[in-house]
There are 4 protein chains.
Amino acid sequence: MSKKENIVHAAIQMFREKGIDKTTVSDIVKNAGIAQGTFYLYFSSKLALMPAIAEVMVEKTMDIVKDTVQEDAPFQEKLEQLVGAIFLVAREYNEIQALIYAGLASTEHLKEWETVYAPFYQWISALLIEAEQAKVVRDTINIERTSKLLIGLVESAAEQVYLYDVTDETEVNRQKEEVLLFLLHALGVKQ
Amino acid sequence: MSKKENIVHAAIQMFREKGIDKTTVSDIVKNAGIAQGTFYLYFSSKLALMPAIAEVMVEKTMDIVKDTVQEDAPFQEKLEQLVGAIFLVAREYNEIQALIYAGLASTEHLKEWETVYAPFYQWISALLIEAEQAKVVRDTINIERTSKLLIGLVESAAEQVYLYDVTDETEVNRQKEEVLLFLLHALGVKQ
Amino acid sequence: MSKKENIVHAAIQMFREKGIDKTTVSDIVKNAGIAQGTFYLYFSSKLALMPAIAEVMVEKTMDIVKDTVQEDAPFQEKLEQLVGAIFLVAREYNEIQALIYAGLASTEHLKEWETVYAPFYQWISALLIEAEQAKVVRDTINIERTSKLLIGLVESAAEQVYLYDVTDETEVNRQKEEVLLFLLHALGVKQ
Amino acid sequence: MSKKENIVHAAIQMFREKGIDKTTVSDIVKNAGIAQGTFYLYFSSKLALMPAIAEVMVEKTMDIVKDTVQEDAPFQEKLEQLVGAIFLVAREYNEIQALIYAGLASTEHLKEWETVYAPFYQWISALLIEAEQAKVVRDTINIERTSKLLIGLVESAAEQVYLYDVTDETEVNRQKEEVLLFLLHALGVKQ
DNA sequence: TATGAATGAGCCTTCATTCAT
DNA sequence: GATGAATGAAGGCTCATTCAT
């Protein structure tokens with residue numbers, strides 16, 4: 001693992017433990033096993049970490065999504081798997097998700113948000129295009145916009161249950177079902 | 001305006017101008033025209049402001065929503081008006097929305113988020129109940145969950161356009177149309 | 001003594017002991033018996049001290065000069081006393097003199113140098129005007145310029161002996177005599 | 001140009017641009033086109049540069065002085081040329097002059113100041129000896145001391161006008177005239 | 001209630017110096 | 001000799017909070 005990755009991962013860990021504000025650069029470097037000054041060879045400041053962290057988070061998300069959604073499953077099942085995957089990520093990283101977003105928001109790096117999310121948007125777009133061509137969704141969908149709406153919807157649904165340390169599996173499942181139902185109608189999924 | 005409200009409004013203004021991190025208590029009191037110590041007569045710390053600010057933001061949102069959505073309009077139109085209202089609020093306060101959320105998230109006050117949002121959720125719930133009773137939406141809707149999904153969806157859709165200083169009215173309108181279409185299908189709105 | 005004066009005097013003392021570079025704000029506040037943050041209520045940075053210190057140094061110089069130069073002495077004696085006074089200040093403060101100058105030079109405060117020195121220049125100007133009117137000096141003197149030349153000459157002469165920790169009284173006296181002789185001719189002092 | 005000279009010249013350039021304190025070894029090596037570590041092969045520390053820089057500055061000064069002062073000119077003219085030369089150097093290097101002095105002052109290298117300046121003092125001494133032998137100056141001059149007084153006087157006069165970015169040629173010329181007049185009297189120059 | 005000068009812990013950041021290659 | 005990534009001590013400065021008035 002490169003020193004830069006080292007820093008990013010150490011930072012993610014500390015942020016999860018203490019939150020962004022409470023985490024000091026000193027915490028990060030201790031955790032990464034490097035010297036204080038070394039941090040600044042790779043990042044100009046603590047906030048400059050955010051885009052790199054966001055990128056890693058999106059990578060993690062996509063890894064899980066790709067692992068979970070089966071290529072050859074029917075579209076409806078794929079959607080269900082997708083919702084499951086996003087909930088999985090949210091459960092694991094809900095604390096950090098909001099923080100990164102806020103971290104980006106409180107810097108000049110906000111514009112990078114779209115860039116960072118782009119691969120995820122594209123992946124969902126591909127999914128929708130396939131469904132459209134298979135005529136299993138309504139044909140009035142604007143692919144690009146809808147892929148973003150979909151992610152926004154499911155992520156906010158996941159946050160709603162996980163942000164409050166909900167551990168009640170039943171509650172989580174009901175939320176998943178409801179958002180899936182909502183989604184199926186929204187996309188006009190046939191059968 | 002009471003001194004407490006004074007502080008809250010001064011804080012909102014400063015947060016919008018400089019972000020939460022960069023805003024100091026000193027900035028807030030200067031802006032509020034009070035002494036440094038007076039701040040602590042009303043709030044135990046800087047972070048203790050967050051719930052109060054969130055409350056004000058929700059109030060503002062609901063004021064606009066109530067003003068925009070016409071009591072006697074057909075449901076579909078009400079939805080359209082609702083989307084418009086949420087976009088309106090987002091345009092005006094997009095910078096601060098994320099910050100408050102993050103502000104709550106980085107404290108112990110996060111649990112208050114639900115409480116603060118409760119009136120808005122209830123208002124939407126009432127809207128959906130009405131529609132259900134009028135049988136203009138699908139009858140498989142879970143009111144409580146769906147009202148939250150709806151808000152989550154529309155707010156994230158609004159953020160997607162406004163977070164990047166989009167001023168292109170056409171672009172905004174397309175996003176509104178797409179989210180409305182998405183929503184109409186999701187709720188199974190008839191006619 | 002006001003807190004501000006307190007800081008200035010503590011700084012002068014520390015600068016003399018350790019030099020400007022080696023002196024930290026922390027040293028200064030410890031010496032002044034105040035908190036770290038208090039320093040910044042009065043001075044925006046360590047370098048912002050320089051004009052205040054320079055002012056105090058010029059005050060000290062003028063106090064000594066006024067004490068040493070006798071109102072009713074003949075001009076030639078006054079000059080001799082003046083040279084003595086400037087040498088006295090230089091002996092006491094030679095380390096700091098150069099440092100202040102350098103301190104001002106390495107900031108944007110350099111322009112204040114003239115302002116700070118103004119009272120001293122004026123005092124010498126008055127001395128020269130008196131001598132001119134008494135016709136004990138050549139009548140081709142430009143008062144303003146010459147007062148500055150005089151100070152520049154004598155201070156540099158003093159530095160030349162004291163900068164190297166010269167403690168040999170004879171050596172110092174010879175330098176005083178030589179600069180006085182130089183000065184008497186330069187001003188065309190009669191008798 | 002040797003690597004050592006390279007460093008010295010790069011340092012002079014950076015010092016003029018940013019001042020001594022703000023100039024880092026990193027700046028110097030970048031400017032010299034060498035590696036960070038290489039610097040320490042030639043100089044034991046940043047401050048160890050100062051004597052080398054001072055030496056270069058004195059060399060530059062003497063080059064200009066020798067070029068300007070004509071061997072066979074009458075003494076009075078030589079003096080005028082000398083003043084002109086010192087002003088020329090000061091105009092070009094006024095920012096750095098004070099800084100070097102301060103740089104030496106804030107180190108243990110101060111004692112080298114005399115050594116560095118020695119060639120210049122000797123050159124002026126030779127000039128005065130010649131004048132004394134030609135009986136064009138008063139015969140009470142102590143050559144060694146006076147040569148230092150002369151340089152101190154003229155350099156401080158030059159600083160007085162150039163330190164404040166005076167670009168008014170008339171103003172500069174008046175200062176030159178006044179210091180020359182002062183000097184002619186001081187040395188008792190005949191005719 | 002209201003004030004605002006004072007506090008001081010602690011963070012971010014810099015940068016001269018080193019050393020393995 | 002040359003390199004430049006890595007070091008880590010140290011200092012400037014901020015700012016939430018307190019408390020005597």
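Convention: sequence-line order gives letters A, B, ...; per-chain numbering from 1.
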What is the distance from CG of A/Asp21 to P of F/dT14, rounded to the nearest Å? 18 Å

If you assign each of B/Thr23 and A/Gly37 to its closest nucleotide in DNA chain F, which residue comes earlier from the 5' end? A/Gly37

For atom CG of C/Asp27 and atom P of F/dC13, their distance in whole Å: 14 Å

If the helix axis at each end comes from five base pairs, how far does the helix from E/dA2-F/dT21 to E/dT21-F/dA2 deviate from straight, to 10°? 0°

d(NZ, D/Lys4; P, F/dG1) in whole Å: 11 Å

Write down the distance between NZ (C/Lys22) and C1' (F/dG12), rounded to a whole number of angstrom. 18 Å

Does B/Lys4 qualify as a cation-pi partner of B/Phe43, given the criterion of NZ or CZ under 6.0 Å from the six-membered ring centre and within 45 degrees of its axis? yes

With A/Glu92, which residues qualify under salt bridge (Lys or Arg N to Asp or Glu O under 4.0 Å), at least two apart? A/Arg16

On a heavy-atom basis, which atom in D/Lys46 and which in D/Ile20 lie closest, and how many Å separate them? NZ-O, 3.5 Å

On a heavy-atom basis, which atom in C/Phe15 and which in C/Met50 lie closest, and how many Å separate them? CE1-CE, 3.6 Å

What is the minimum heavy-atom distance between A/Met14 and A/Asn31, and which atoms define it? SD-ND2, 3.5 Å

Take the protein atom CD1 of B/Ile28 and the nucleotide atom P of F/dC15, then report the distance between them rounded to whole Å. 12 Å

Residue pair C/Leu49 / C/Ile28, side-chain heavy-atom distance below 4.5 Å: yes

Beyond-backbone contact of B/Tyr42 with B/Val8, side-chain heavy atoms, under 4.5 angstrom: no

Please report, rounded to the nearest Å, how far the P atom of F/dA16 is from the NZ atom of B/Lys30. 11 Å

How close do D/Met57 and D/Ile12 get, heavy atom to heavy atom, and via which atoms? SD-CD1, 4.4 Å

Of A/Thr38 and C/Lys46, the one whose nearest nucleotide on DNA chain F sits closer to the 5' end is A/Thr38

Need to verify one output field. Residue with the more 5' nearest nucleotide on DNA chain E, A/Gln36 or C/Gln36? C/Gln36

Considering only heavy atoms of chain C and a distance under 4.0 Å, specify the first and last nucleotide of DNA chain E in 5' to 3' order that meet this criterion. E/dA6 to E/dA9

Residue whose closest nucleotide on DNA chain E lies nearer the 5' end, D/Tyr40 versus C/Phe39: C/Phe39

So A/Tyr42, base contact, sugar-phosphate only, or nothing? Heavy-atom distance under 4.0 Å. sugar-phosphate

Nearest heavy-atom neighbours spanning D/Val29 and D/Gln36: CG2-OE1, 3.3 Å

